[in-house]
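Atoms within each ligand, like the ligands themselves, are counted from 1 in listed order.
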Amino acid sequence: MPTEVSRAAIALAALASLSFAQPHQNYAEIKPAAIPGAPMGWNSWNSFANLIDSKIAVEQAQALVDSGMKAAGYQYVVIDEGWWKGARDGAGNIVVDPRQWPALKPGQRAGDMSNLAQYIHSLGLKAGIYTDAGRSGCSFAGPDIGPKYPGTGSEGHYDQDFLQFAKWGFDYVKVDWCGGAAEKRIGAVQYAEVAHAIEKAEKATGHGIYFSICEWGSQKPWNWAPGVGGIVSDIWRTGGDIVAPVVEEAKDEAHLKRMATLKNVLTAFDAGIHPEAQHTGYYNDLDMMVIGMRGMRENWDRVHMGLWAVSSAPLMVGADLTRLPKSSLAMLTNPEVLAVHNDPAGVQAIKVAEPAPGLQVWAKPLAKPGERAVVLLNRTASPAAISVTWAELGLASAPAQVRDLFAKRNAGRFDAVYTVTVPAQDLAMLTVSGQEKGAAFYSAAGDTELIGGNKALSFRDVRSRKGATFVRVIYSSRARATVVGRLSVNAARSTGVAFPPTGGETRALTLYLLLRGENLPNNLEFSAPCGDEIALEGISVSP
Ligand code: GLA
């Protein structure tokens, strides 16, 4: 496939040198770097609220395995609010109710959270737990069921609590914001401190902890959460809760009336569109899924699954897995849809067309050159034909193969456009395999190491006709671990960029950058806290 080569100037600020180079290979074909995918698993909140206990967690973990969800890639079992009622011992260590968390096998002590983590691990799954960035968490702010418990947050105990979570064996921590919000804290500051506590706990124990930030988008976390505190991978919630917990055991009027709706699913999806923040292992979190919960229908489940998958959003299922409808399970485990979710480019879909109100085309590039994942979404109350054109997908005008992922069929080869009738409140999810249009390549020739301190590598004259677009960053790294750098665009916005190790091989990262359009010049500046381990070869900018 021809790559249009734009001979471009780059300047290494430190040396103020200008250099020009030809790319030495076909940049479209370079393999993606191994970034972590968005987490998949189960979370207790949506169906059990504060009633979570050992029995429920054990049953759900078992159901994750028995249902085939584990085999499909769901791996986390996360206990949310309610596992802890805020008690600490004289040394400040978290103390839990031994009846809620009994021994699970001989030799264990009741009230030791490692019992559950061990059990979850014994199933080949990973364990997740929950706290708040403030002093008194959501259990105090307004618990869904039960009395208010003060002191249910980790503020003042970040190092101690995260060390404890790691020692217990938890692999994932969701950090809520009820306390932080009540105390009017700054999210970027608190969550950076939490990230540092995680780093210390990991160093002390050798046990990794995945960081899930939950401040509901209130302080625009997409602007600061990617790489916050130097973390190599994380997720951040972009909105409020899709549904208040639908707890079957709770027979009060409020709970009996609750149900999940498509409207709320779509609201969460719309609030979560921040593609400029989602890259290199950092993900917008559209909230726990409500697939299979009271109120949902098969077509709504499909809309939910298709939108979360095309977004590569975390797939944390909130339904009671012991009573998941068959059709919901099939939706959640559809291998081709999950392949789009797990695509190694890891970017979020963007809306490329809205031919009529409520009829939308969402798309994103997949790691394989010329491949796009596409969602044709019908939000209206009547069936409608929706088309996607290759031009909208940034593909060359040449025949492309279309596959319908939920219908599990090849639709055929089409020259420039594909049209399908989508039922009311439903979607079609496609992959379109065509030909990449030539991207403009900007080479960082010569001395391309990223240098620590205040030095940075700049691409000063990056042009895009349409403005915001997908950009691939071509680099190699000899570092042993992921290096978290930064990228600033036109000195206005900056984002964390994680560079996974590549063993010295050339690899690509895909980012969506809010460039200035109309072929005006853009300045991209990369920096990273490292020596000469990372070499940037250049960037390619989709037309
Ligand atoms: C907030 C979060 C939810 C859940 C509850 C627990 O509302 O957004 O996901 O963790 O707190 O109270």
Side-chain angles (χ1 to χ4, degrees), residues 38-53 56-57 60 76-86 100 127-155 161 165 170 172-183 185 187 190-191 194 210-222 225 234-247 250 254-255 258 260 264-265 267-269 271-272 283-291 293 304 308 313-320:
M40 296 167 62
W42 175 83
N43 176 295
S44 61
W45 184 251
N46 282 357
S47 295
F48 297 97
N50 322 53
L51 302 183
I52 181 64
D53 64 7
I56 293 169
Q60 296 296 318
Y76 289 105
V77 174
V78 181
I79 50 172
D80 205 281
E81 187 201 314
W83 69 272
W84 172 47
K85 308 209 161 46
Q100 192 180 0
I129 201 162
Y130 163 96
T131 187
D132 194 282
R135 270 194 301 276
S136 289
C138 295
S139 309
F140 188 64
D144 185 59
I145 297 172
K148 289 187 173 193
Y149 292 107
T152 39
S154 286
E155 197 185 328
D161 287 359
F165 298 148
F170 284 91
Y172 177 113
V173 184
K174 172 174 167 183
V175 186
D176 217 335
W177 190 237
C178 285
E183 295 165 44
R185 295 283 187 189
Q190 297 307 120
Y191 285 105
V194 172
Y210 193 85
F211 189 19
S212 160
I213 295 173
C214 179
E215 67 78 82
W216 328 301
S218 60
Q219 295 181 20
K220 301 191 167 68
W222 41 91
D234 63 10
I235 59 175
W236 56 89
R237 281 272 297 275
T238 50
D241 301 0
I242 295 181
V243 71
V246 180
V247 182
H255 280 88
R258 285 182 193 165
N264 288 4
V265 169
T267 302
F269 173 72
Y283 296 93
N284 291 298
D285 178 357
L286 312 180
D287 196 12
M288 284 96 74
M289 305 181 91
V290 301
I291 284 183
M293 287 178 60
H304 193 353
W308 264 236
L315 301 183
M316 303 302 287
V317 179
D320 176 349

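- Counting protein heavy atoms only, atom 9 (O) of ligand 1 is closest to Lys174 NZ, 2.8 Å.
- Residue contact check: Trp216 has heavy atoms under 4.0 Å from atoms 1 (C), 2 (C), 8 (O) of ligand 1.
- Within the 4.0 Å heavy-atom shell around ligand 1 one does not find Trp177.
- If you check which protein heavy atom lies closest to atom 8 (O) of ligand 1, you get Asp241 OD1, 2.6 Å.
- Close contacts of ligand 1 with Arg237, meaning ligand atoms under 4.0 Å from a residue heavy atom, involve 8 (O), 9 (O).
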Checklist entry - Do Thr152 and Cys138 pass the side chain to side chain contact (heavy atoms under 4.5 Å, CB included) test, and can you show the C-alpha distance, the side-chain angles, and the key distance before you say yes or no? => result CA-CA 7 Å; Thr152 39; Cys138 295; over 6 Å; no

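- Of all protein heavy atoms, the one lying nearest to atom 1 (C) of ligand 1 is Asp176 OD2, 3.1 Å.
- The contact set between ligand 1 and Cys138, taken as ligand atoms under 4.0 Å from a residue heavy atom, comprises 11 (O), 12 (O).
- Taking 4.5 Å as the limit, some side-chain heavy atom of Phe165 sits within range of a side-chain heavy atom of Thr131.
- Put simply, the side chain of Trp216 reaches to within 4.5 Å of the side chain of Cys178, judged on heavy atoms.
- Residues passing the side-chain hydrogen bond (donor to acceptor under 3.5 Å, both in side chains) test with Asp80 are Asn43, Lys174, sequence neighbours excluded.
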Next on the checklist: What verdict does the side chain to side chain contact (heavy atoms under 4.5 Å, CB included) test give for Val78 and Met288, after you've listed the backbone C-alpha separation in whole Å, the side-chain angles of each residue and the deciding distance to 0.1 Å?
Outcome noted: CA-CA 11 Å; Val78 181; Met288 284 96 74; over 6 Å; no

Next on the checklist: Between Asp241 and Trp45, is the side chain to side chain contact (heavy atoms under 4.5 Å, CB included) condition met? List the steps.
Outcome noted: CA-CA 10 Å; Asp241 301 0; Trp45 184 251; 4.2 Å; yes

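- Looking from atom 12 (O) of ligand 1 to the surrounding protein, the closest heavy atom is Glu81 OE1, 2.1 Å.
- Numbered from 1 in the order shown, with element, the atoms of ligand 1 that lie under 4.0 Å from a heavy atom of Cys214 read 2 (C), 8 (O).
- In summary, the side chains of Asp132 and Trp177 do not present any donor paired with an acceptor at a separation below 3.5 Å, with no hydrogens or angles considered.
- Summary of contacts: the protein heavy atom closest to atom 4 (C) of ligand 1 is Asp80 OD1, 3.4 Å.
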